[in-house]
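Below, read A as the first sequence line, B as the second, and so on, with proteins coming before strands; counting in each chain starts at 1.
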There are 2 protein chains.
Amino acid sequence: MTDFLPPIQTTARDDAVLKALAGFVMQEKLEPGEKLPTERILAERLKVSRNTVREALTRWEGLGLVERRQGSGTYLKAAVSLDMLHMPLTLAGGNDFTGLMRTLEIRRALEAEAAALCAIRAGKADLAEIERKLDIMEEAFQTRAGMSSEEDWEFHQAVYRASGNPLFEQIISAMHELFHRFWEHPLGVRDFGHASFPYHRTIFNCIAAHDPEGARAEALKLIATVENDLKRGAANLKLSDRK
Amino acid sequence: MTDFLPPIQTTARDDAVLKALAGFVMQEKLEPGEKLPTERILAERLKVSRNTVREALTRWEGLGLVERRQGSGTYLKAAVSLDMLHMPLTLAGGNDFTGLMRTLEIRRALEAEAAALCAIRAGKADLAEIERKLDIMEEAFQTRAGMSSEEDWEFHQAVYRASGNPLFEQIISAMHELFHRFWEHPLGVRDFGHASFPYHRTIFNCIAAHDPEGARAEALKLIATVENDLKRGAANLKLSDRK
DNA sequence: GTGCAGAAATTGGTTGGACCATTGAACCAC
DNA sequence: GTGGTTCAATGGTCCAACCAATTTCTGCAC
């Protein structure tokens, strides 16, 4: 006997509202930036109270799908469809060392897999694009003595794109602001990121050679160096912050 | 001159409510599972309308921080603090074969890394818990001839928890409903998941032996078998769905 | 006609109060 | 104990009104 009986749903008004609204958006082919019907109209049409409509819209606003402007209206902020999957992540204390370390572990996981997939799937055009970003990055590294975080990021993005799975880029992009914020203030480590530099080329070589396991291994090494720098930075900070 | 003057906030009632509530949770040291004050009490104490409190709680519910049970109360679902960082992801299109395959690739990335971290960090209590889940799963597998998806999931969750990084569980949990939906309808593959069965034990052995690379490799193998089953299922489906 | 200040309408934000549906505990009969 | 019944507490929904920001319209001065 299967003892798994999912609880029945007797009330789910706001979910129903969102489903209807998603259907409306798809039917009308609304795109980001366009205006949704007003709350009052939605309430009337859907035969629910305006309060319920508001709770539903609050959900979407929290997910960043929609933006509400008082006196003006509610506007679509991202593409919505009926088969969306929501995955809200909250990082407790994303500012401190621990939080950063945790996001870095996620990044290591995704980076390794993306590199491996990329080595399997990247076509010629993808390879050329990745190498172009790599060249730009290496030049910036030489010219500006190591300050190449922007170009570095673009290289990794190119790898994610060539992985053939858009989820990698989506997830990492959402985390990027975190990394970026940190990159700007490297905790007093002057040569932050230097150690990771050579691995970009080795990763690319493995990808170009269609060697997934090699690419995975090199990506792991790259993140390991970043992790190392991060730990050094934390140690520095502790030293100077001594009470 | 700094031309960045953030616009003043004349209305941000619900945000203020959430901030106050986060402060309350921290002060009272409430932990996941514990009950929050009722909406009516919050409204009275914070001198705002109950509707405003509800919109604020709707936000938190959408972020998975809190769970509301009608007739019972509102319960904390995750640790909250004042310096949380929210990162809501919405993935379009996760229902078809391609979407499933893509989420599986993400899962492979996270599963491998979580297993490796777990091998490094798991303490005795963690190991005991994981082995307990493993035993339960193996017994269910024998008893119910392979139908052990629930117990299987609990095993993996235990691994994620012992990884020391709550992000793994958060991300995967958000994806779980997708896998689960699929597990129920294995596309006509009768022995779906059977091939992955032995790897649970091998993963555990590597973790217990504190062998991160071994754990990573076994996890990769496990997902590879699932991927295989999935492809077989898709082939079946195509055959029977022939137009 | 043009430009602009002020009025009016529109729209999201908030309030207070009412009632419904579910839950869980206390209580009672068997 | 087991199984109902009652009842208070709690989240879910609704309504009607008003507030605050924005947009649109209007009419006057030029």
With sequence neighbours excluded, tell me which residues meet side chain to side chain contact (heavy atoms under 4.5 Å, CB included) with B:Glu138.
B:Leu134, B:Asp135, B:Phe197, B:Arg201
Which distance, rounded to the nearest 0.5 Å, do you find between the CD of B:Glu111 and the CD1 of B:Ile203?
6.0 Å
Between B:Ser49 and B:Arg54: side-chain donor-acceptor atoms closer than 3.5 Å:
no
When rounded to whole Å, the CD to C1' distance for the pair A:Glu61 and C:dG13 reads 11 Å
Should the pair B:Glu129-B:Arg161 be classified as a salt bridge under the 4.0 Å nitrogen-to-oxygen rule?
no
Taking only side-chain nitrogens and oxygens of A:Arg40, does any of them come within less than 4.0 Å of OP1 or OP2 of C:dT11?
no
Ignoring the backbone of A:Gln70, work out which of C:dG13, D:dT13, C:dG16 is nearest its side chain.
C:dG13
Among D:dG11, D:dT13, C:dT14, which nucleotide has an atom closest to any side-chain atom of A:Arg13?
D:dT13
Euclidean distance, A:Gln157 CD relative to A:Asp152 CG, rounded to 0.5 Å
10.5 Å
Would you indicate what A:Arg54 reaches in the nucleic acid, counting non-hydrogen atoms under 4.0 angstrom: base, sugar-phosphate, or nothing?
base
Between B:Thr52 and A:Ile41, name the one whose nearest nucleotide on DNA chain C is closer to the 5' end.
A:Ile41
Quick one: does B:Val226's side chain get under 4.5 Å of B:Arg107's, heavy atoms only?
no
Between P on C:dG13 and CG on B:Asp14, what's the gap in Å once rounded to a whole number?
8 Å
Nearest whole Å is fine: how far is D:dG12 P from B:Glu39 CD?
6 Å
Set of side chain to side chain donor-acceptor pair (under 3.5 Å) partners for B:Thr52, sequence neighbours left out
none
Using whole Å, report how far CD of A:Glu55 lies from P of D:dT13.
7 Å
Report the end-to-end axis angle of the helix from C:dG1-D:dC30 to C:dC30-D:dG1; each axis comes from five terminal pairs, and the value is rounded to 10°.
10°
Is a donor-acceptor contact shorter than 3.5 angstrom present between the side chain of A:Asn51 and the base of D:dG12?
no
Atom CZ of B:Arg68 to atom C1' of D:dT13: distance rounded to whole Å?
12 Å
Let me know the distance between CZ of A:Arg50 and P of D:dC18, rounded to the nearest Å.
14 Å
Describe the nucleic acid contact of A:Arg69 in one word from base, sugar-phosphate, nothing, applying a heavy-atom distance below 4.0 Å.
sugar-phosphate
To the nearest angstrom, the CZ-C1' distance between B:Arg59 and C:dG13 comes to 11 Å
Thinking salt bridges, do A:Glu61 and A:Lys77 make one under a 4.0 Å N-O criterion?
no
B:Lys35 has its side chain closest, among D:dT10, D:dG12, D:dC15, to D:dT10
Establish, with yes or no, whether the OP1 or OP2 oxygen of D:dG11 is under 4.0 angstrom from a side-chain nitrogen or oxygen of B:Thr74.
yes
Most 5' of B:Thr38 and A:Ser72 on DNA chain D, judged by nearest nucleotide:
B:Thr38
Roughly, in whole Å, what's the span from CD in A:Glu67 to P in D:dT22?
12 Å
